[in-house]
Structures are given as structure tokens and as C-alpha cells.
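Read the structure below first, then the notes.
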Amino acid sequence: MASQGKETAPPPPYQPPEPAEAFKLYAEEEISRIRETDPDFDPALYDRAVALVMERLGVEDWDEDWDAGQGEAS
Amino acid sequence: MIIQSLKAENVLKYANLSITDLPAACMIGVRGSNESGKSAIMETLCLALFGRTHALPPEQTAKAVRWGTVEASTEVRFTGLDGREYVLGRYFSSDGRRRARLERIGGKRALAKGENRVAGVLKKVTGFDYAHYTDVVYLAQHEWAGERVHGATVKALAGVDVLEREADGFGAEIARAEAGMADAKAERAENRANLEALEIDPEALGDLQSALDETDNGLTALDREEAQWNAFAAALDRAAAQTDQAVNGLSEGGIQTSLSGWRDKVSTLEEALNQTDSVCHNAEVEMDYHPTTALKEWAAKFGKRLEGFSAILEEMGGKTQWLAAWLGEGEAPRVLEGETTLAQEREAIQGRLKKAKRKKRFASWVGRLFLLLGAAGGVPWALVRFAPDLPQTGQALDWLKANAYPHLAPHAEPVQALLTANVPQWPDLPEPLLLIWAAPMLLLWLLFAFRSMRKGGGVRKAMHKVHALDGKEGEARKRFQTLTGISGQTLPVQVKTLVGLGEEAPQGLITSWGQGKGRVFLDPGALSDALKEAGELLAGYQGDIRRVHEDLDGLREEIGERRGASEESREELLEEIREEEARREEARGYEAVLEKLDGELVAKEAAVAAQRVAQELLMGTCRGLSVRFNQEIRRLLTDAAPRFTEGRYSRLRIGDNLDVEAFSTEKNDFVNLDEVSRGTQHQLMLALRVALAQTQLAGEETAGQFLALDEPFAFFDRNRVAAALAALPEINPRISQFWIVGQSFNQPENFDFVIDCSSESDRIEIDAGKRAPKVETFPEAMATPLGGEEPG
């Protein structure tokens with residue numbers, strides 16, 4: 001290619017994470033943080049919220065290794 | 001995605017467009033004057049890839065069919081993200097019919113047919129849909145002014161689109177739920193207000209029901225009272241009828257009525273009057289008048305008149321009883337205490353008669369025996385004495401000597417001796433023996449004959465007593481029959497009968513009664529007067545009964561008025577109860593709604609709480625991803641921006657509102673793109689496009705990418721054009737194919753191919769593989785557009 005410039009090393013590509021994975025990761029961290037800081041923490045509420053999102057994202061069996069809320073996810 | 005070839009027939013201005021065998025890495029220039037068809041090539045590429053152009057709304061895509069023709073077709077061959085080659089063919093008609101087919105070159109079957117399926121597969125193959133493409137790859141000419149990258153594209157690139165869409169969805173759901181809850185709360189408040197406005201008194205219905213029960217009880221009592229009065233009236237009528245009948249019955253038969261008949265009539269009258277009193281008493285009626293008093297007094301007085309005759313008849317009854325007992329018609333031992341009955345008397349007399357007869361017969365028989373014995377001695381003696389010559393006399397003496405003498409001689413000799421001594425010429429024996437035998441026998445005969453005669457007198461006397469007793473019995477039976485028959489006789493006949501009994505009846509009493517108190521029963525005139533008085537008293541009685549009925553009518557009327565008032569009150573109470581029940585039903589409805597709303601609100605609040613947390617977690621996730629994406633964009637822009645701005649702007653960032661801000665090294669701060677010149681804006685946006693395109697090439701395994709820039713350098717000066725053309729291929733080697741549209745190029749040597757467009761021609765056919773790179777010298781006359789000043 002006539003107009004090709006000098007070769008530069010491409011930066012590591014940015015790869016958008018899977019939405020469910022990104023959400024689950026963030027939710028685990030956030031819930032852990034809230035659990036430690038909020039005396040009124042309601043684990044069941046957060047479990048329901050996470051379950052709700054996961055349901056919307058079409059993810060099944062998301063709670064197999066889920067222990068962030070330790071409430072009753074439904 | 002790298003374009004290998006683009007073919008089109010009857011699309012936009014081109015009857016035929018054929019650009020084939022394009023290298024994966026090349027700078028393609030498309031140039032021409034206004035209306036020469038430069039942008040039409042880019043639009044044809046867009047149409048071939050996504051079935052629509054950028055300039056035409058989707059619903060007007062049919063207008064892309066070349067004027068004067070009815071059908072158009074496109075075919076684009078490209079290298080996908082996976083490095084494989086694909087061909088996408090489309091068909092359009094001016095009446096809106098469309099077809100699409102995507103194949104992998106070398107594949108046996110189409111990957112997708114039909115626009116929707118092709119679009120879905122195309123996104124997987126290229127990483128683009130139309131919006132994404134126009135945001136990242138294809139920068140159309142008219143977008144340069146005020147250009148903003150679509151947020152959706154950036155979000156998709158950042159990987160937050162799905163999460164943010166869900167967060168937005170939750171936000172919308174929360175908003176709807178909160179609106180619904182607000183409505184529900186408003187409805188709840190309205191229901192509460194309505195419920196409170198009803199001011200339901202829990203005891204009101206019970207009070208009304210109690211009042212209704214009390215009213216019903218009152219009505220029942222009125223009915224009962226009326227029934228009692230009706231029953232009283234009926235009973236009074238019956239008693240009055242009985243009284244009327246009894247009084248009228250007094251005159252039936254006149255004086256030809258027996259004592260018992262009078263008694264029965266008086267008793268019937270008294271019973272009727274007593275019935276009247278009983279009816280009044282049972283009805284507990286307090287009356288100012290006493291209908292029965294006068295008649296009762298009359299009846300008592302009338303009945304008392306019978307008492308004298310009753311005493312007489314009673315006395316006669318005693319006699320009748322005595323006679324019955326004496327005659328054996330009945331048992332009356334007390335009546336005959338110490339006395340004998342007829343049968344006893346008859347038995348005694350019959351006993352004496354029988355005894356007398358027996359003694360008489362005995363004396364008669366014994367006398368006859370002695371007569372016979374005397375004759376047995378006397379007859380021979382007479383024969384001996386007075387007919388001694390008869391043979392029979394000798395025979396008798398012979399027999400006597402032979403048979404009797406031996407036995408009698410011892411006993412007769414003393415007597416013979418005595419007689420011989422005392423009686424001269426007393427014959428010798430055996431002749432005296434006959435006389436001695438016959439004389440005592442005859443003497444005994446005489447003795448018993450006398451006794452028999454005396455006993456015959458006793459028999460006759462007894463027979464006389466028997467006859468006397470028969471007569472007495474006959475008389476007694478006659479009186480008994482008279483007395484027993486007297487009860488069935490009319491009172492005057494009874495009197496006459498009693499009088500006929502003579503001394504057997506108390507004639508003095510009968511006479512005095514008949515002339516005194518009893519005259520009314522014997523004298524039709526007196527009876528008529530008495531009954532007339534009774535009739536007058538009956539009229540008074542009936543008048544009183546009528547007054548009682550009038551009083552009863554008044555009571556019934558009063559009851560009717562009370563009933564009317566009670567029924568009116570009852571209707572009012574029923575209406576009030578209906579209203580209260582309706583109010584309660586309404587209240588229950590409000591309560592049910594409130595309960596439902598409370599339940600719904602609790603459920604919605606719980607749901608909203610979860611949705612809110614979900615939204616917060618999603619937004620937190622998005623923020624985190626956005627930060628990371630911004631860092632990436634910043635990194636990419638940090639490299640690209642200085643290249644396009646001659647180092648004046650080193651950094652770009654995309655804010656939370658997706659506005660692009662640039663860091664001005666001159667101002668040492670981030671500035672909004674509106675604050676910089678139009679040319680700088682285009683430079684920065686070009687850098688941003690390149691950066692965004694780089695993010696599309698995130699996967700190391702992905703193939704290269706082309707960029708289509710329609711007149712990107714319109715506001716660039718010569719240096720900026722040169723810098724941009726130099727910078728474009730250097731940003732990222734994997735962004736290797738550039739389609740750049742311009743009216744003219746000052747430095748055509750920077751292009752590998754230049755496609756000249758002319759308003760005179762509707763055909764372009766370029767086979768890049770057979771054609772040497774065409775480097776044209778940019779005509780001086782056409783340098784003006786690219787040499788323009790930067791707008792302020």
C-alpha cells in the first residue's frame with residue numbers, strides 16, 4: 001500500500017465483556033461492599049435484584065456460585 | 001470488514017457500477033464535481049450492505065432505484081470479521097419489492113435469505129448493523145456539521161448497551177410502577193376519603209335491625225291483639241247467639257214444658273250468659289256495662305221459681321225410689337232400711353200359707369185314718385148289734401175271735417170289767433171289743449177333724465193376705481209407673497199427675513206453688529209476661545253486645561292506625577337498613593379496594609425496591625464499563641487526536657452525556673467541541689471515528705476494517721489534509737481500507753486508486769486487480785475546495 005505509514009505496535013484491544021458477566025462481577029463487588037457498610041443491608045432484596053437482572057439477560061443457573069447476597073433469590 | 005468489490009445496476013444515478021478486486025489495504029479516492037455521483041457510490045455501498053441509504057429514509061429506499069427503471073440490484077463482496085469472504089446480493093424494485101441473500105464465498109448454501117435474516121447474520125459476520133456502521137465506519141457528507149456520535153453505538157462499543165437498555169427498562173418499569181403506585185396511592189386516598197366520608201357506624205345497622213325487630217314485634221303484637229279482639233268478637237257473637245237462642249228457646253213449647261225442660265232452658269240461658277261473662281273475662285275487657293247482669297238475675301229468679309216444684313218432685317222422687325225398692329225395681333237398701341220389700345212380704349205370707357196348708361192336710365189325713373179305724377170297729381159292732389142274723393155278721397165275729405181277740409183280750413178285759421160293772425146290760429166279750437176299738441178311733445177322728453178345720457181357717461187367712469199383698473203391689477206399681485212417668489211430662493201435666501196422686505203427693509205444697517211462684521209455668525199469660533221481660537232484657541243484652549262491638553271496632557281502628565304507623569316506620573327502617581347496607585357494601589367495596597391497593601402497593605414497592613437495586617447495580621456496572629471504555633477511547637484518541645490536529649489536542653473523552661470533549665493543550669483543560677473551529681471539530685471527529693473503528697477491532701482474530709469518509713476534508717486546509725491522509729493508515733494497521741470522497745485531492749499520490757465521477761456518465765467500471773494504481777495530479781483549478789479557510 002503506497003500510503004501505508006510506519007508500523008506501530010497496536011495497543012491491547014479493548015474487549016467489551018459479556019453483559020451478564022460484567023454485571024455479576026460488579027454486583028458481587030458492590031453487594032460485598034454494601035454488606036460491610038450498610039447495617040440495614042437486605043440480602044434478599046439484592047438477591048432478588050440480581051435474579052431479576054439475570055432473568056432479563058436470559059442467564060440461567062447464574063446463582064450456582066453466587067454467595068454475595070446470601071438471601072433467598074427468586 | 002474489508003470491501004472486495006461493489007456492483008450495482010440501476011442504483012441512484014448509476015445504470016451500472018462495478019468496482020472490483022479491491023485490495024484489503026488501500027486508500028481509495030472518489031472524486032468529482034457537485035452532482036457527479038461521488039456520494040452515490042458511498043450510498044450504493046451502504047445500500048448494498050444494509051439495504052438502505054443514509055440519505056433516504058428506510059421507507060423511501062425504493063427511490064434509490066434509478067429514475068426511469070423499475071428494478072435495481074447490488075452485490076458487495078467483503079471480508080468479514082472472521083477473515084472469510086462473503087457476497088451479499090440485494091434486489092429492489094420501484095414498487096417496493098425487495099430481496100436479499102448472503103452467502104459465504106465457497107459455501108454451498110446461502111447463509112441467510114430475506115432482509116431481516118440477512119441483517120442478523122450480517123451483524124454477526126461484520127460486527128455492524130446500519131446504525132453502528134453509520135456511526136463508526138461511514139461518515140456521510142452531511143453529518144460533518146454538528147456531528148455527534150450516536151450514543152447507542154458508543155454504548156454498544158463499550159458493551160453497556162444491553163445493560164443500559166435493561167437499566168432503562170427497569171427505570172421505565174420503576175417509573176411506570178411509581179406512576180401506578182402514585183395512581184394507586186391517589187386511588188387509595190380517594191377510597192379512604194370516600195370510606196371516611198361514609199362515616200360508617202358499626203352499631204348503626206344493629207340499632208336499625210333492633211328497631212326493625214322491635215317494630216316487627218310491635219306489628220306481631222298488634223296482629224295478635226287484633227286476632228285476640230277478633231276472637232273475642234267471634235266468641236262474644238257466639239255467646240250472644242247462644243244467649244239469643246236460649247232466650248228465644250224459653251218461649252218454645254210455652255207452658256207445655258217439663259220441669260227438666262225449664263231447667264235445661266234456664267241452664268242453657270245461664271250457660272250462654274256465663275259464656276258471655278267468660279269471654280269478657282278471658283278477654284280481660286274492662287267494660288262500663290255488664291250485658292249479662294240483668295238477664296242473669298232474671299234467669300236466676302226464673303230458675304228459682306222452679307225450686308218449689310223441684311222440692312215437690314224431689315220428695316216424690318224419694319217416694320218413687322221407695323216404691324222402686326219395695327217393688328224390687330231397684331236396689332235401695334237405704335231407702336228400705338228396717339223395712340221389708342214386697343218380695344220379702346210375699347215370701348213371708350207364702351211361707352205361712354204353705355205351713356198352714358201342710359198342717360191342714362196332716363190333720364185331715366190323720367183324721368181320716370182314725371175314721372177308717374173307727375169304722376173298722378164300729379161297723380162290725382153295728383152289725384153285731386143291729387143285724388146279728390146276717391151271715392156276714394157271724395163271719396165277722398168268727399174272724400174277730402180268731403184273729404183279733406187273742407191279741408186284744410188282755411188289754412180289753414180291764415175295760416170290759418169296768419164297763420160291765422158300770423153299764424148295765426153291757427154285753428160280753430168279744431162284742432164290746434169292737435166298740436172299745438171303734439170309740440177312741442172315732443174320738444181321735446173328731447179331734448183331728450176339728451184341727452183340720454182350724455188349720456183351714458189359717459190357710460184362708462194366709463190366702464187373704466196374699467190377695468191383699470197382690471192388691472197392694474198393684475197399687476204400688478200403678479203409683480210407681482205414674483211417678484216414673486212424671487219426669488217426661490210437661491210441668492202442668494206433672495202438677496195434674498201429682499194432684500191425681502192424692503195424699504201420696506204434698507197437695508198443699510203443690511197448690512201453694514202453683515198459685516204462687518209456679519203460676520208462670522202453668523199460666524200462659526204469666527209465662528208470656530215473664531218471657532216478655534226476658535226479651536226486653538235480651539234486647540238490653542244485645543245492645544250491650546253491640547256497644548262492645550262498637551268498642552271493638554274502635555279498638556280495631558286504633559290498632560289499624562297503630563299498624564299503619566308501625567308499617568310506615570318499618571318501611572322507613574327498611575329503607576334506612578337498605579341504605580345502611582348499601583353504604584356498608586360501598587364501604588366494603590372501598591375496603592376491598594384499599595386492601596387490594598395496599599397489597600398491590602406492598603408488592604409493587606417490593607418489586608420497585610428490587611428493580612431499583614437492579615437498576616442501580618446495572619448502572620453501576622455501566623459506569624464501570626463506561627469508565628473502562630472511556631479509558632480505552634482516551635488511550636486510542638491520545639494516539640489519534642494529535643495526529644489529526646498537529647498536536648494541538650492530545651486527548652478526547654466522551655462524557656457521561658456522551659458529548660465529546662477535547663483536551664486543549666493551549667487551554668490546559670477539556671473543552672467542548674462547540675468551542676473549537678469547524679475544521680478542528682472535523683479533525684477531532686475523524687480521530688474519534690478512527691478510535692471507535694479501532695474498538696470494533698477488539699478481537700485479535702478479527703480481520704481488517706474499512707472506513708468510508710464522505711468529504712472529510714471540506715474544511716481542512718492543505719496541511720491538515722496532508723496530515724490527515726498521512727495519519728489515517730498509521731493509526732491502526734488493521735484499519736487498512738479507506739474510501740475518501742472529495743471534489744478534488746491536492747495530493748492524489750496519497751491514494752492507491754482514484755475513482756473519477758462525472759455528471760455526464762452513469763456507468764463506472766473499475767477492476768482494481770487489472771489496473772495499476774492510478775495517481776493523478778490534482779488539477780490546479782480544482783484545488784479551491786480543499787484550500788478553504790477553517791471556519792472560526
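Throughout, protein chains are lettered first and strands after them, A, B, ... in sequence-line order, and every chain is numbered starting at 1.
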Requested in this report: Show your reasoning for whether side chain to side chain contact (heavy atoms under 4.5 Å, CB included) applies to B:L617 and A:V53.
Outcome: CA-CA 9 Å; B:L617 291 175; A:V53 173; 5.8 Å; no

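For CE of B:M619, the number of neighbouring non-hydrogen atoms (other residues, nucleotides, ligands) closer than 6.0 Å is 12 at most.
In this structure, B:L163 CG and A:E18 CD are separated by 10.0 Å, a value rounded to the nearest 0.5 Å. Atom CD of A:E29 sits about 9.5 Å away from atom OG1 of B:T621, to the nearest 0.5 Å.
Annotation: side-chain contact (heavy atoms from CB on, under 4.5 Å) contacts of B:A724 (sequence neighbours excluded): B:F644, B:L686, B:F713, B:F716. The salt bridge (Lys or Arg N to Asp or Glu O under 4.0 Å) test applied to B:E166 returns no partner, not counting sequence neighbours.
The two residues A:A49 and B:A614 have their closest heavy-atom pair at CB-N, 3.5 Å. Smallest separation of non-hydrogen atoms from A:P19 and B:V162: CG-CB, 3.9 Å. Contact record, B:F170 with A:R56: CE2-NH1, 3.4 Å, taken as the closest heavy-atom pair. Shown here for B:L625 and A:A22, the closest heavy-atom pair between the two residues is CD1-CB, 3.9 Å.
At a 4.5 Å heavy-atom cutoff, A:L25 makes no contact with chain B through either its backbone or its side chain. Interface residue B:E173: only side-chain heavy atoms are found under 4.5 Å from chain A. Residue B:R165: no heavy atom, backbone or side chain, is found under 4.5 Å from chain A.
Among B:A610, B:G169, B:A24, B:A607, the residue making the largest number of heavy-atom pairs under 4.5 Å with chain A is B:A610.
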